[in-house]
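The structure appears below as structure tokens.
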Amino acid sequence: MQKDFLLITLADDDEDDRMFFTDAFEELKINTVVNTFENGQELMDFLNHPESVLPNIIFLDLNMPIKNGMDCLKEIKQNDRLKDIAIAIYSTSSSDADVEKTFVLGANIYIKKPSDFNMLKKVLNDVVTLNWQYYTSGLKKENFLLKL
């Protein structure tokens, strides 16, 4: 089934971050539908429901209660139905260890959460309109961390 919009999903326990995220997409000139979840368990319950329409891109916070983003990333990449969904890590952490681990686990891009709304809009626009470099040139660590 061909969609005329991009289905975006965000899992983030911070209510303000979810609000800024959805507001940013509303202001962008990209036809999107955004779903948000408060924690990783809610996200995984949704993704594993057989009737759920799977998103094109999942933005995944690492530090969430109940089930963290790292656990969600592992589950998604080990599930044949979910493993091809693009995963954007979207976190306040920019530790080398987190960047390295999420790269190894199969995330497509790592984004440190911007502190400014206009920068957030630019980052989200860049992520969803990018011609994912790894599709054409192979997944390379140099392309993994989106630098602001």
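Computed from a prediction, not measured in an experiment: that's the story for all the values here.
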Quick one: [atom1] on [X] to [atom2] on [Y], what's the gap to the nearest 0.5 Å?
| X | Y | atom1 | atom2 | answer |
| --- | --- | --- | --- | --- |
| F103 | Y110 | CZ | OH | 14.0 Å |
| E42 | T36 | CD | OG1 | 8.5 Å |
| L47 | L82 | CG | CG | 5.5 Å |
| E27 | F117 | CD | CZ | 4.0 Å |
| L124 | I111 | CG | CD1 | 7.0 Å |
| M64 | E38 | CE | CD | 11.0 Å |

(request) Using the salt bridge (charged side-chain N to carboxylate O under 4.0 Å, His left out) rule, collect all pairs that involve residues 48-70, keeping only residues at least two apart or in two chains. (result)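 Of all non-adjacent pairs touching residues 48-70, those that pass salt bridge (charged side-chain N to carboxylate O under 4.0 Å, His left out) are D61-K113, K67-E75.
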(request) Flag the pair L120 / D23 as yes when at least one side-chain heavy-atom distance between them is below 4.5 Å, and no otherwise. (result)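 Counting from C-beta outward, L120 and D23 never come under 4.5 Å.
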(request) Please tell me if the side chains of I8 and V33 come closer than 4.5 Å, counting only heavy atoms from C-beta onward. (result)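 When only atoms from C-beta onward are counted, V33 and I8 do not touch, as no gap falls below 4.5 Å.
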Quick one: closest heavy-atom pair of [X] and [Y], and the distance?
| X | Y | value |
| --- | --- | --- |
| V123 | P114 | CG2-CG, 4.0 Å |
| L60 | G69 | CD2-O, 3.3 Å |
| A88 | I57 | CB-CG2, 4.4 Å |
| K121 | A24 | CG-CB, 3.7 Å |
| R81 | S52 | NH2-O, 3.2 Å |

(message) Could you see if I66 belongs to whatever hydrophobic cluster contains L73? Use Ile, Leu, Val, Met, Phe, Trp, Tyr and a side-chain cutoff under 4.5 Å.
(response)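 Not linked; separate clusters.
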(message) Are Y90 and F21, when compared by the centres of their aromatic rings, separated by less than 6.0 Å?
(response)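 Yes: the rings meet the under 6.0 Å criterion.
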(message) Consider side-chain contact (heavy atoms from CB on, under 4.5 Å). Of T92, D12, I89, which one does L62 pass it with?
(response)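 Single side-chain contact (heavy atoms from CB on, under 4.5 Å) partner of L62 among T92, D12, I89: I89.
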(message) For D126, is there an ion pair with K122 - N to carboxylate O distance below 4.0 angstrom?
(response)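 The answer is yes: the pair qualifies as a salt bridge.
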